[in-house]
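As the structure is a prediction and not an experimental result, all values here were calculated from the model. Computation of the quantities below employed the complete heavy-atom set of this structure, encompassing side-chain atoms and omitting hydrogens, waters and symmetry-equivalent molecules.
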Amino acid sequence: TIKLICIIYADKLIYLFSYTNIQNNTVPENNMTELPECISPCSNVRRTCYALMQDPSFDEFDDDNDGKRCVIINENELNHLGDKIANTIVSQQQQQQQQNDGKGQEDSNGGSSSSTDQLFKIPHILDACIQNLNFASWDEEQWHYNAKGYNRKDLSDEVIDRQRFERIALYIMAMDAINFCFWPVADTEDLPCDVSFRRHKKNLLEYENLALALKQLAERDDDDCDDKLSTRTNIHPLAYSVSDEFAKAEDSYLLAPQNLAKLTVENFTEMMMPLLPKSTNDDNDSHDTDKGVYWIPNVVERVRLLKEMAQSLLTFHDGSATKFIASANRSSDVLVHNILQNFPGFRDATVDPRSGRWVAFYKRAQILVADLWAALGSEEGEEQEKKFGLDVCNFVDMDKVTTFADYRVPQLLRSLKVMEYSPTLSNKVDHGMELKASSMEELYIRAATVVAVDKLVENVKEKVPQMTENNSEGINAVKMDWYLWNIGEKLDRDGRLGNHHLVRTIYY
């Protein structure tokens, strides 16, 4: 009974658990970095998703599937995909080993690729993508802000490094605060959103468009050599002490909490829209193209979420993203927990409408932690790198984080037949019909995504040591998500995937 109460009231317990630390602006001690299972956010995502996937599933030959789970995981196809990914990993390891051993480029470029093709007899482009994509790094496409251009003549290298860390962290936090629901062409469900309508008026906005726009905003005050810039942006480079452990962003940084807290819908739109792609069909500033429109939907909610995040940083963490991150004491699970406690807009949890079970996904909270880890941390090892002299993002428990249940990964897994939808759900997705937020259909799609990726990780981790002397400890749900997401992005742009499901939500 106590455990059930803990699960049902997890958000409330999360608040109570950290209230004292937040109010006192203290960093938890080492014994606070492992949360009790019943309030561990990552554990709760897995627990609740696995529970949903235990529901009786549909039968495609049965006309009466009401009340049954409408998404299943095809274990045979999952195992087949695991074979392909494991073989790709081994091939890449062998290539790297050959290069390290000085055996030359010819062997590494030729042999392993052809043997892989022979082993799986690649039948179509999906397999080719699996073979050609590595487990992608966070900013492989260079969409994101990296602060390399940041410079201040009158600051020491140590302080500059701390500022760079703070600026990148704030960029990532701002990006993941508004990283959701790019597809709508209007902020209302009253307009038709079926396939025929969207063919003529489609929102072309993608994640990278938003990331690149924020990157340009972040870079505006990187170099303060311009006197006009210094005057206009009111730079105060010495407003903090060199001895301060946690940096605060300068007033000139547009993504600093003190600036985001004053954000309005009007100035957000004025800043962002000119940075989105424009039509190549005419000479005006229109973002309309023959194929669709570049438009940021639900600006009101995005601005609200940015302000919410900024106000919390200012109120509880002295306006420092670095201080907020450090409060997790290098635990990804605790940082997810702290994000949920500080920023209500990240609380991606609901109650299933059929039986009243509490279900959590925490997509944006977990991807925020993963992005911070990828950009500002390093993997566990004997010589962990300190990015910009700090190790607060060198999380020691990244394997606790689950996949990020959104649109692209289930879209890909369905195309690969790893996930299968009931006829009714298939018809809705294929015809571009919107699903209701927190409906059983949406919950089953997202829960199946979490469980399928977990199973895929375990499948690959079991196979890689059998195929090579190297271990598979580095494979986790975060890397698998990025790997699958990149494949899905490539195939979707080539028009080789079917529709993804559509839900109006702020959570993904």
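- Panel note: side chain T48, backbone V45; a donor-acceptor pair is recorded below 3.5 Å.
- Sequence neighbours left out, not one pair with a member in residues 258-272 passes salt bridge (charged side-chain N to carboxylate O under 4.0 Å, His left out).
- For R364, there are no salt bridge (charged side-chain N to carboxylate O under 4.0 Å, His left out) partners at least two apart in sequence or on another chain.
- Checked by atom type and distance alone, the side chain of D397 pairs as donor or acceptor with a backbone atom of S332 at under 3.5 Å.
- In this structure S320 satisfies the side-chain hydrogen bond (donor to acceptor under 3.5 Å, both in side chains) test with no other residue, sequence neighbours excluded.
- Partners of A310 according to the side chain to side chain contact (heavy atoms under 4.5 Å, CB included) rule, which considers only residues two or more places apart in sequence or in another chain, are P257, L260, A261.
- Annotation: ring-ring contact (aromatic ring centres under 6.0 Å, His included) contacts of Y508 (sequence neighbours excluded): Y407, H501.
- Partners of K428 by salt bridge (charged side-chain N to carboxylate O under 4.0 Å, His left out), not counting sequence neighbours, listed by chain and number: E441.
- Residue pairs meeting the salt bridge (charged side-chain N to carboxylate O under 4.0 Å, His left out) criterion with at least one partner in residues 296-308, sequence neighbours excluded, are E301-R304, R304-E308.
- For D406, the salt bridge (charged side-chain N to carboxylate O under 4.0 Å, His left out) partners at least two apart in sequence or on another chain are K363.
- The salt bridge (charged side-chain N to carboxylate O under 4.0 Å, His left out) search around E489 returns R408, R493, not counting sequence neighbours.
- Two residues are said to be in side-chain contact when any heavy atoms from C-beta on lie closer than 4.5 Å; H337 and S40 fail this criterion.
- Partners of D399 by side-chain hydrogen bond (donor to acceptor under 3.5 Å, both in side chains), not counting sequence neighbours: none found.
- Legend: residues meeting ring-ring contact (aromatic ring centres under 6.0 Å, His included) with F346, ordered by chain and number and at least two apart, are F343.
- Remark: Q311 engages no residue in a side-chain hydrogen bond (donor to acceptor under 3.5 Å, both in side chains) (not counting sequence neighbours).
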